[in-house]
Amino acid sequence: MNLLQAMISPQLEQMLSAKGVEKATWEALLQPSRESSQGDLTLPCFPFASILKMAPQAIADEFAESFPLGDALLSVSSVNGYLNFKANPEWLADAILSNKIAVGSALVNTGSTGEKVLIEHTSANPNGPFHVGRARNAILGDTLVRLHRLHGDDVRAEYYVDDMGKQVGVLAWALEHLSEEEVNELLAEREPPSERWLDKADHQRVRWYQAAQILRKDADDEKKERIEREIGKLVHASEHGDVGVLQAFESAYTPVLEGMLATLARLGISYDTFTKESTFVVDGTVAQLMQRLDALEIAGTAENGAGYLDLGQRGLKGKTEFFYRRGDGSSLYATRDVAYHMWKWGESNRLVNVLGEDHKLQAKQVGLTLEELEQQRPEVLFYSFIKLPEGKMSTRQGNVVFMDDLLEEAHAQASAVVRELRPEYDDEKVAAIAEAVGTAAVRFNIIKVSPEKGFIFRWEEALAFEAGSAPFIMYAHTRACSIAKRARSHSASNIDCPSAESMPDGLVDLLRLMCTHNDVLARSVKEQKAHLFALHMLELANAYNGFYRDCPVVRDGQVDGFAFAISEMARRLMRSGLEGLGITPIEEM
RNA sequence: GGGCGUGUAGCACAGCUGGAUAAUGCGUCGGCCUCCUAAGCCGAAGAUCGCGGGUUCGAAUCCUGCCACGCCCGCCA
């Protein structure tokens, strides 16, 4: 609790330095109490024992005895060598009601922190619809974008469009050379495409891509060779910046990308800018970059003229050669990525990338190369893949759960719940609630676990609507909304803060939690850990439910001005926090 | 073989810049709707923190060895 920490630190410093304990030795030790029953901040006194030649318990006793309480503290106690500081809830209430807790907005760039952040996420190859595995990137990335905005950073969400190279080349080749009948025949053994997505280009065109992949693997040798030659020619042309080929690629993938973006839009995910990979080839910066790399001390040349950096000299273990130019002189994906990052550094002063764990080595190579060019490396958030109980998801092989299908299913199940619980709602209202709840549940299920944890997708977990899920937080928010609606139609008493002794637990817990809200957000953004904030939002909702239980706002036609003011502040924090997680804060459900 | 990551109650997951009785959800068992939305609230049971060493006043957290799982080790993207 930074609010409290700022209050007691000067006093602590004075008392400890008088005893000869430097600030550096205790500052990091003062931390939030583990158990809320213990207090709000705790200082373990064990490390001081050897300096002061006293038992930890005795040190804690002495400080507890002499520490001045002032307005902010309710108590300072000594337990087993720990010094526990408990905030006075009256002081916390005052801090909350005098706007010391920032509510913020996840939807607009206020730039109040002065920090400019460019977050690149998703950047999926535009060759087919999003499956749940690929969507983890977008959900993680978009949540980071929103949390940074909520925190007050000036954020730009960027999608790097892979508009050249093999994947798009295969798609373009297939659309050019394969008829619908051929595609259907090649995919005859696969599950037929869903009727639902007949008019969605990502679902349609991916079949051409899949059919081509089958041909590349299973056709007779002569045909295989011919296909590889044709695709290779396209890829080669694209990598040399052939404008005609790049345009053909673009018309092949654009409808697919649009379909993918439509899926993401349903999840509330959008981008500020799209940058095409080919940009840096066409404008010559990649060629310039390769010349600069050639001149580096650690650069080397292979027999066929290919260029590489020996990153082993910079500490890279394992395979130390990083190739940035092929024997034919063309660039590689990673080379273009270096050029892209150099450009990005010109656009922003903090770079964050969201990448799958399979990109770890590549990101390291790009990072080391950037440093070699006297640039900084970006911050990277890696995530593990989402697997199906049957194994890994793969667009190529077709064993996937499509995001579009998951969202439909989520909507349907949420809809069934609303109809059962609120039979009085009309169809339109049910649909709106079901959409908000369904998409929120899907997002939250992914965001609440830490990214490096690989997890297995299970329908029943993705569609959980109970405690521990998005609807739990949404529900607490609707409670606050309905209280507000009711309170506004009654007369209210003055805002008089009750005495600390008369406050029920539910109120105290909520006050304390609200006072950590900004701390958690700051840490979440600093460390790029969205799940910390997600879990905090669950706690906030839980605390609001406790407040709801213990503190009636409207009683006997009279509004308790203080309780209402606290409820309103909690409602605003829940609202902006929900938006920060990409959840629509609906007012009824 | 090498590099990186993960391993915490039946299941899932937090904590991992060392600090008190390892937090939470699902599931299980028991209680609460004449009272601001019960998608809720209250309570109970359930954990050799993968295994073995080490450092420390103190280890789920740091070091080390081993085991299991995942990802990577292309002049692919």
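The sequence lines fix the lettering, A, B, ..., with proteins before strands; numbering per chain opens at 1. What's counted below: heavy atoms across the whole structure, side chains too, no hydrogens, waters or symmetry copies.
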Handout entry: Any Ser450(A) side-chain N or O less than 4.0 Å from OP1/OP2 of rA14(B)
Key = yes

Handout entry: Ring geometry between His517(A) and Phe533(A) (parallel below 30°, tilted from 30 to 60°, perpendicular above 60°)
Key = perpendicular

Problem - Under 4.0 Å protein heavy-atom contact, by nucleotide of nucleotides 61-69 of chain B - B base, S sugar-phosphate only - result: ---------

Problem - Lys429(A) to Tyr425(A) six-membered ring, cation-pi geometry met (6.0 Å, 45°) - result: yes

Problem - With Glu277(A) via side chain to side chain donor-acceptor pair (under 3.5 Å) - residues at least two apart - result: Arg336(A)

Fill in the blank from the handout: In whole angstroms, the gap separating C1' of rC76(B) from CE of Met164(A) amounts to 13 Å

Practice task
Could you encode protein contacts along nucleotides 1-10 of chain B as a string, one character per nucleotide from 5' to 3', using B for base contact, S for sugar-phosphate-only contact and - for no contact, with a heavy-atom cut-off of under 4.0 Å?
Solution key: ---SSSS---

Problem - For atom CZ of Phe457(A) and atom P of rG70(B), their distance in whole Å - result: 21 Å

Practice task
For the residue pair Tyr544(A) and Phe547(A), categorise the inter-ring angle as parallel (less than 30°), tilted (30 to 60°) or perpendicular (more than 60°).
Solution key: tilted

Problem - Canonical and wobble pairing (Watson-Crick, G-U, under 3.5 Å) of RNA chain B, dot-bracket with | - result: (((((((..(((......[....))).(((((.......))))).....(((((..]....))))))))))))....

Problem - Asn84(A): partners by side chain to side chain donor-acceptor pair (under 3.5 Å), with sequence neighbours left out - result: Thr42(A)

Handout entry: Side-chain donor/acceptor contact of Glu35(A) with base of rA23(B) under 3.5 Å
Key = no

Exercise for the section: Return yes if the base of rC75(B) and the side-chain atoms of Asn304(A) contain a donor-acceptor N/O pair under 3.5 Å, otherwise no. Expected result: yes

Practice task
Find the distance Glu303(A):CD to rC75(B):P and express it as a whole number of Å.
Solution key: 14 Å

Fill in the blank from the handout: A correct 5'-to-3' footprint of nucleotides 25-36 of chain B, with B, S and - meaning base, sugar-phosphate only and no protein heavy atom under 4.0 Å, is SS---------B

